Structure formats: C-alpha cells, structure tokens
Amino acid sequence: MVSIGDGVPAITTRREEALTGLQGLVSKGLGWARKYSLFQYPFVTACCGMEYMTLSSARYDLDRFGAALPRFSPRQADLLMVVGTVNCKQAPILRRVYEQMADPKWVIAFGVCASSGGFYDNYATVQGIDRIVPVDVYIPGCPPRPEQVLDGIMLLQHKIQNQPHRLIDRKPLPIAPPGTREG
Amino acid sequence: MSKAVIGALLERFPDAVTDAYEGVGGDDCAFVEKERIADVCRHLREVEKFDLAPYITAVDYLGREPRFEVVYNLLSIPRSARIRLRVRVPEGEDCVVPSVTGVWRGADWFERYCFDMYGIGFTGHPDLRRLFMYDEFVGHPLRKDYPLKGRQPLVPERRVDDIYRGPGPAGRD
C-alpha cells in the first residue's frame with residue numbers, strides 16, 4: 001500500500017488529499033489509537049497536585065480513558081499536564097520540557113493558575129501558560145474537581161479524534177517563532 | 001515575659017539599644033543601632049540564651065526617613081521567651097547592615113531574602129545572592145516603589161488574544 005523504498009510516500013501529505021479517501025480512514029484509526037493511549041507528563045508545581053493525585057488514583061480512575069500512566073520523562077510523553085502556578089523563573093523550564101516532547105503532543109492547563117495566572121497577578125507569575133506554550137484544553141477551578149478534569153480529558157480525546165493524523169510524514173514540523181499563534 | 005532581658009540589654013548596651021516597648025501579642029521590642037546589631041545579637045545568643053532566630057525580615061516605610069527597617073524575631077527555647085529587635089536602615093550607600101550569620105548560621109537565607117526583596121546589603125555574609133528571583137531580575141520586588149505587575153519574563157512570550165486578560169504583561173500596570 002505504501003512504498004517507502006524511494007523515500008516518496010504513495011499517499012501524499014497534501015491536506016486536502018490526506019483528508020479524503022484512504023488517508024481519512026488511516027487518520028481516523030490513528031486518532032482512535034492515540035486518544036486512548038495518552039502518556040502524560042505531569043508538570044506539577046503547586047497545590048493542584050493534590051487534586052491530580054485524587055484524579056489518578058482508584059476512585060476517579062483515569063485509566064478508563066487510557067491516560068493513567070505518567071511518564072516522568074518528556075521524551076516518552078505526549079500529553080503535558082501543567083498542574084499549578086508557573087512563575088517567570090520556571091517559564092524557561094516549562095518551555096524546555098515542551099520542546100523535548102516528541103510529536104504529536106498536546107497540552108492541558110490544569111487549574112486556574114495554569115490557565116490564566118489565577119489571583120496571582122503580581123511581579124512573579126506568568127499570566128497563563130499559553131504565553132509560553134500552546135494549550136489545547138483549559139480546565140478552570142481552584143482546584144478543579146476531578147470530574148472537571150475528566151471532562152477536559154474527554155474534550156481532548158474528541159479533539160485528537162477529529163484532527164488529521166498522517167501515517168508517514170517526513171517533513172520536519174515547523175517550530176513556531178515566539179509571538180505567533182498556532183492554529 | 002522577657003522584660004528582664006530588655007532591661008539587661010538597655011543596661012549592657014546603653015548607647016545601642018533604645019526605645020523599648022511592648023509590641024502586639026506581648027513580645028518585647030527594642031530598636032538597635034545599625035552598627036551594633038551583631039554585637040547585641042551575639043550577647044543575646046551567648047549570655048541570654050536566645051538560641052534561635054526564627055524569622056528575620058525587612059520593612060519598607062516609603063516616604064519615611066530612614067526608609068527601611070530590618071526586624072529580628074528571636075526565640076529562646078530555655079527561657080521560653082521571644083524578643084524582637086528593629087534596626088533602622090537608610091536608603092542609598094548606607095543600606096548595609098552587619099550580618100548575623102556568624103551568630104546564627106540559619107540567618108543566611110533570611111539575609112539573602114532581605115537582599116533579594118528589599119536590596120539591603122549585609123556585610124560579612126558568606127554568600128549574598130538573590131534567594132527567590134532569578135539573577136537576570138532587575139530591582140527589588142517588595143520595595144514599595146517597584147511596580148506591582150512589573151514582570152520581567154525570561155523567555156519571549158507568545159501573543160495571546162484574550163479579552164479578559166488584556167494584551168499581555170506590558171502595558172498592564
């Protein structure tokens with residue numbers, strides 16, 4: 001089906017073609033596989049971490065969504081969960097962790113501090129991690145209830161299912177220069 | 001509780017310890033001359049058995065002369081007593097206080113904190129660096145004339161179109 005020998009994939013990667021026909025089916029399948037195997041990297045900095053522990057233990061059972069296994073290396077993870085306040089001193093660390101993660105990758109802002117800075121509107125706190133890395137799902141709450149986080153995970157799964165996935169893509173992904181917004 | 005200590009201090013250092021009063025909560029307080037604070041602290045540690053310095057901090061009285069104060073909260077476990085010493089520190093060249101790290105080793109980080117947040121220097125401190133903020137940070141954030149939202153980001157920030165939070169850190173103050 002796919003010839004890899006000469007370096008030219010049989011299925012073109014042009015968007016309009018990729019979204020039709022066989023590639024559409026492949027994308028659907030990859031999306032189904034990826035949305036149920038979210039390996040998360042918990043970037044836990046503050047008190048929301050307590051709620052994160054509740055979430056990942058037996059009562060709320062994140063494993064139902066295939067997202068139970070935290071990987072403590074960004075190179076093995078594809079979901080970055082930023083749990084808690086991020087201050088200006090930590091921003092380069094967060095940026096570096098995000099850049100170390102292999103594509104495809106998604107980001108969840110867990111709690112109001114990660115989403116918008118919360119009530120820490122002062123000299124030290126980043127006003128939302130979307131000023132540092134692009135964010136897919138924002139979960140409000142101080143801290144959010146585990147049900148809210150499960151809802152956020154399901155929203156992310158919905159997003160993953162519906163976004164285009166490519167079987168072969170040798171093109172290096174463009175690194176967005178800072179100050180631009182990714183669609 | 002520690003009236004006797006304050007009395008003994010006033011007698012022992014008549015030129016250095018002044019204006020004793022009883023503070024909120026019953027702690028006994030006194031003002032100490034800046035140059036003599038290390039001597040007074042050493043005396044309190046060795047003779048009066050004030051073996052802990054649980055909290056050393058600073059205050060910025062903007063508009064008052066002298067502008068800063070360094071506050072030493074001391075605790076004696078054997079006497080079960082607390083005492084508070086206040087040192088007036090002026091702004092500018094003289095904004096330095098003798099370090100008490102030689103008396104209590106644990107005063108190290110408190111003095112670094114005061115240096116970081118208020119810009120007060122400590123002569124004789126073994127390693128006077130910023131404690132909380134990064135080295136690239138300019139200014140001292142707990143000074144009253146530092147802008148409230150004066151953020152100094154280390155990485156360039158992405159543009160966020162957000163009607164609730166406004167355009168970004170610049171122009172928010």
Side-chain angles (χ1 to χ4, degrees), chain A residues 43 45-46 74 80 82 85-101 105-107 109 111-142 173-183, chain B residues 57-62 67-68 91 95 108-120 127-173:
Chain A
F43 191 89
T45 55
L80 176 62
V82 183
T85 323
V86 174
N87 54 38
C88 293
K89 199 176 179 177
Q90 275 175 324
I93 304 169
L94 176 62
R95 176 97 205 165
R96 192 180 169 88
V97 165
Y98 176 76
E99 283 170 357
Q100 280 180 334
M101 288 168 63
K105 55 190 171 185
W106 298 277
V107 180
V112 77
C113 289
S115 301
S116 73
F119 55 73
Y120 298 108
D121 194 0
N122 57 17
Y123 60 90
T125 310
V126 175
Q127 298 299 294
I129 59 158
D130 50 3
R131 298 195 192 280
I132 310 298
V133 295
V135 177
D136 294 290
V137 177
Y138 300 85
I139 302 170
C142 184
L173 280 168
I175 295 166
T180 58
R181 193 186 177 100
E182 284 137 58
Chain B
T57 185
V59 190
D60 181 3
Y61 293 106
L62 184 63
R67 178 174 167 183
F68 299 105
E91 206 180 349
C95 198
D108 183 344
W109 281 13
F110 291 125
E111 292 184 348
R112 279 178 62 188
Y113 169 79
C114 293
F115 169 70
D116 186 1
M117 293 291 157
Y118 296 92
I120 298 169
D127 181 26
L128 196 61
R129 284 180 294 131
R130 285 186 179 277
L131 182 64
F132 291 147
M133 306 311 291
Y134 32 97
D135 292 333
E136 293 86 349
F137 197 85
V138 180
H140 303 283
L142 288 196
R143 285 193 174 190
K144 295 291 182 204
D145 51 3
Y146 187 85
L148 185 64
K149 298 168 190 174
R151 282 182 276 275
Q152 301 179 21
L154 282 174
V155 287
E157 297 199 344
R158 307 170 70 247
R159 193 170 62 84
V160 176
D161 301 322
D162 191 320
I163 57 169
Y164 295 110
R165 281 176 289 162
R172 294 207 64 201
D173 288 312

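Chain naming here is simple, since letters A, B, ... match the order of the sequence lines and numbering starts at 1 in each. Keep in mind that what you see is a predicted model, and the values were worked out from it rather than measured.
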* Asked: Between B/Arg151 and A/Val126, is there a donor-acceptor pair closer than 3.5 Å when you use the side chain of the first and the backbone of the second?
  -> no
* State the CD1-CD distance between A/Ile132 and B/Glu157, to the nearest 0.5 angstrom. => 5.0 Å
* salt bridge (Lys or Arg N to Asp or Glu O under 4.0 Å) against B/Asp145, all qualifying residues, sequence neighbours excluded -> B/Arg67
* To do: First locate atom NZ of A/Lys89, then atom CD of B/Glu136, and finally report the distance between them rounded to the nearest 0.5 Å.
  => 10.0 Å
* Highest number of heavy-atom pairs under 4.5 Å with chain A: which of B/Phe137, B/Tyr146, B/Phe132? -> B/Phe132
* Over all heavy atoms of both residues, which pair between B/Leu154 and A/Cys88 is shortest? Give the atoms and the distance, please. => CD1-O, 3.7 Å
